Every structure is written in C-alpha cells, then in structure tokens.
Amino acid sequence: MITPRTAIRKMLLGAMIPMGVILLWYFTAPGSVVVPSVWSVVQILIHPFREPLCLDSTSLADGAAVSVLRMLCGFLLAVITGIPVGLLIGRSRTGREILAPVTAVAMAISPIAWIPITIIVFGLSSPATAVYGQNAWQHGVLDQLRFAIIAVIWMGAFFPIVLNTASGAQHVRQSHIEAATVLGAGKFAVLTKIVLPSASPAIFTGLRLAGGIAWRVIIAAEIFPGTRGGLGYMIAVAHETASYEYAFASIIVIGLIGLCFDAVLRLASLRSTRWMVQER
Amino acid sequence: MNDKRELIRFSNAGKCFSTPGRGDVWAVRDFNLLAHEGQLTCVLGASGCGKTTLLRLAAGLEKPTTGEVVVDSSRVNGAADIGLVTQEGNLLPWRKVLDNIALGPEIQGAKRHKRIAAAREALSRVGLPQKVAKSFPHELSGGMRQRVALGRTLCAGSRIWLMDEPFANLDEPTRHRLQGELLDVWFEDHQTVLFVTHSLEEAVFLADRIVVMAAGRMVAEFQVDLPRPRNRLGDDFVNVLLKVRRVFTETDR
Ligand SMILES: Nc1ncnc2c1ncn2[C@@H]1O[C@H](COP(=O)(O)OP(=O)(O)OP(=O)(O)O)[C@@H](O)[C@H]1O
Ligand SMILES: [Mg+2]
C-alpha cells in the first residue's frame, strides 16, 4: 500500500545519499581546480536553453533533446524487432536452436564495440541524407539521427528484449494454452491471447533493462568521435576545453532522464503485470 | 436415448506414454465408449487409472497411440469446440473474471459488447454475483474459481463438456451446491458431459451412466435410472451406491 506517509518516507530516505554527495561537493569544490563550484553547475541547469559561450556545443536542453530522440528511435526499433524475434525463439524449437547461440554471443559484446563498424556501414547517412541528399545539413534534427548511432543503440537494446521475451514465451503454462485451444483458438489467437499476456511481465523486464542499456549506450556513443550534438558530445567537448561545469551538468541531466525513463516504463508495466503480484 | 446422435466415440483407443523412468506406460488401453448427445456420463476410477488421459484424448489434447477417438463425427485434431473444466479451474490469471468467462466468444470473434453481455449472463447462471466480474482469479475462493470455469464453458456454448474432477478441491456443502448448479445448467441446455470423479457419491448423484475404470481399461458400466432431483439419503440412492461400490472395490484389488 502507498500511503502519503510511506511516500514521504520513501522520498526522504531516497534523497539522503544524493544530499550528502551535494554537501560533500559543496565543501570540497573550492579547494579543487577540476571540480566546478555547485553554483556554476546550477547556473547551467536553471538556464538550459543558454548556448555555452566557450564551448563548441549547443545548449544543454538541445543536447538532451537530441540524445533522448536518438535513444527513443533505437529503443523503439529494438522493441518492434526484438519482441517478435523473442517470441519466435521462445515458441519454436527450431527458431531457438538457430538463434540462441547467436544471441548469446551478441550479448557478450559491448554495443560500443560496433561503432566503428556501423560507421563504416552507414557512413554519415541519416534520415536527412536519405530524404534531402546534399541539403541534409539544413535539417538539423533529422541529420542528428545518424543511422550509425541508431544502429548501435538498437544493438544494445535488442538482445535484452529478445532474451527476456523468449524466456517469458517459453515458460507459458501449457494448461493455459490448452484452455484456449480446446475452445478453438488457432496459432495466432494463442499467441495474442495467451503467450503475449502471459509473457508480458518478462517482456517488461526486458524493456526496462533495454531502456537502461540504450540510455547508457547513447551517451557513450556520443562521446566517441564522429558525432555532433547530444549530452555525451557535450561532456566530451567540456573535457577538451576544461569546462567541467558543463560535464557535471550533463551528468546530472543524464541521471535524471534515466530515472524518468525507467519510471515511465515501470508505470506502463504496472497494468499488464498487476496479476503477477499475488498470483498463487 | 439411442436415436440421438453419437457425439463421442472411443474405438479400441489406447494411449501409451514413453517415459525415461518407467518405460512405456499405457494410461488408457482398448477403450470403447459411446456418448450420445445430451448424455451425462461419469467416469469413476482410482488415482492413476487414466481418467485425465481419457478426457485429454476426447479433448484432442493427446493423440491416441492405438485405435481412434472421434468427437462429433470429426476426428479430434486439437481444434474442437469443447469445454474443459479441470480441478483447479485453469483460469487465465491475467484476465479478470468477466474476460475469463468471455474467452470462448472472443476466440470465435464476437464483438466486445456481445461477448460481455453473454459473459454477464453466464456469470449469473453459475450463481456468481455481478460484482466479482472485475476481480482477478487469485482474489476468489476455490469454489468461486470453479464457478468461473463453469461459466467460461457455458459462455463458449460448447456442446461437449469434459470435466476433470472439477469439484474435488471443495468442501462438501460447496461441492453439493455446485453439483446442483451443474445439473440446473444441464437440464436447460442438455450438453453431452463426460465427468471424471473418484467420488462414488458424486457419480451416483450426477450420472445417467457410470463407467468404472481400472488400470486404463473400462471394467464396468452402469445405467443410473434414479429420478432427479436425487435424494442422497434415499433408499434407492444408497442401493445404487452400494452396488457401484461393490464393483469398484472388487476391481481395485
Ligand atoms: N504426460 C505423461 N507422461 C507420462 N506419463 C503420463 C503422462 N500423463 C499421464 N501419465 C501416466 O498415465 C497414468 C494415468 O494418468 P492419469 O493422469 O490419466 O490418471 P488419473 O486417473 O487422472 O489420476 P488422478 O485421479 O490422480 O488424477 C499414470 O500412470 C501417469 O503416470
Ligand atoms: Mg487426473
């Protein structure tokens, strides 16, 4: 049960360590040349649309928007492709035997390792170059969604979704499937009415995992040379010019966005997993 | 009775499971059974004698190793319109009661408002209050869950009901009430019922005919001609009960 009292307690306890860190930061910053003052970082955070003066980067809000957009594109692509593949692995023995070893290997490789390869494969192409060709640079947002970057996020998010969907789909109770088949359900009806809802708690676990990975991957990918824009890019250039307050501000925003994204996924999963809580 | 259609026919049907531990296990052997439309047959037998396997053969969930099982004159192939009620009800835990009951019409492609209306009617016919419609199965008692399972079969409009010890987990008063409700439904719609039980009294109370099974075979068959509603304490009832018990204990040895 969530009562106002437990909610307040949860927030207070959860805020304890961040508060401690901020206090520590506040008192140690003046003695360090690298650590920026709390105030200079707060200045950036409360004026997110201000273009940095001494930095070859767009504003904080702009960077965050670009990163989130890239992440969402890669993540949604992974959802659309990962769930069907996961169902195939979970429900078909042949499918499992073909795909399981590949997934296991792919899981072991950090998505970041693919960046050089995706850049060779996709080059500088983006939705903008695909549509506008030479004039792509005029369409800023679309040009930021370079295929090379999206592909890397997809790589990171795809496999956790596949594995969790597959395990959920594989462990559907046979008696639940039979409840539908005796009433005349065909393969497709069994998939949509029994397998998917029954696997949905596992699928949502996969989505949350994938979301976390996608968000970490995009930041790392943006730090990698070859991209422009995004929070990771901002951190990279901030380090080059020793404007550490921008790196700090970016890191805080990264953490907050990650938190929000996970909360959204958790909320979305509540409806379809409520029955799990007390199922006997 | 004999002029009615045959809905279920077992002809020399057998089912053998190959197990790593016990080798080949014949769960059902040389089984011959005819069930006519509207007949309520109880299958009686000790634990492990093959009753569940028999029902699964009829439902098309297992393929016979020998002989054949024909349901409604079409070979059972797994996609028959059959109501199956098991001991635990086998409800879908992620669906609320009403959506569980509406599963049959939903699979048959009925429009949402139609199947909800049908489910609400089935809900009241199996003696459940409308307010449980929005509960999840895990929020219900065992008796209520079995009522929902009955309602699901009723709502699907299945002409053949296969029931595998549906009331075995219930206390006696609840079991008696549900037996009464099953008969009420059956009086109105005259489904063809194969009802598996290991309770002699339940079989005598419900059945038109009792089939006794032992070690996978049919060992005896009785017609039960007692008028309904049956009085469990009446002399006739007790006489039939004793007769069935005698056969049952003899075959058990
Ligand atoms: N899927 C299976 N694989 C292997 N053996 C099985 C399988 N299903 C049933 N059996 C075996 O077949 C025999 C009959 O089992 P069945 O479940 O039909 O008995 P039952 O009469 O329903 O028993 P109970 O009253 O305990 O439910 C048992 O020996 C059982 O071990
Ligand atoms: Mg059984």
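Below, all heavy atoms of this structure are taken into account, side chains as well, without hydrogens, waters or symmetry copies. Convention: sequence-line order gives letters A, B, ...; per-chain numbering from 1. Just so you know, these numbers come straight off a predicted model, no measurement behind them.
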Is the CH2 atom of B/W94 crowded by more than 12 outside heavy atoms at less than 6.0 Å?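 More than 12 within 6.0 Å, yes.
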More than 12 heavy atoms from other groups under 6.0 Å of CD1 on A/I17: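 Incorrect, the count does not exceed 12.
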Spatial distance of atom [atom1] ([X]) from atom [atom2] ([Y]) [nearest 0.5 Å]:
{"X": "A/I194", "Y": "B/L92", "atom1": "CD1", "atom2": "CG", "value": "4.5 Å"}
{"X": "A/K193", "Y": "B/D99", "atom1": "NZ", "atom2": "CG", "value": "10.5 Å"}
{"X": "B/R95", "Y": "A/H176", "atom1": "CZ", "atom2": "NE2", "value": "11.5 Å"}

So which part of A/S198 gets closer than 4.5 Å to some heavy atom of chain B, the side chain, the backbone, both or neither?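 Both backbone and side chain.
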At their closest point, which heavy atom of A/A179 faces which heavy atom of B/N90, and how far apart are they?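 The answer is CB-ND2, 3.7 Å.
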With a 4.5 angstrom heavy-atom cut-off, is it the side chain or the backbone of B/L162 that approaches chain A, or both, or neither? neither
Below 4.5 Å, heavy atoms only, C-beta onward: do B/L103 and A/L183 meet side chain to side chain?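 Yes, at least one pair of side-chain atoms sits under 4.5 Å.
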Just wondering, do A/S175 and B/T86 contact through their side chains at under 4.5 Å, heavy atoms? no
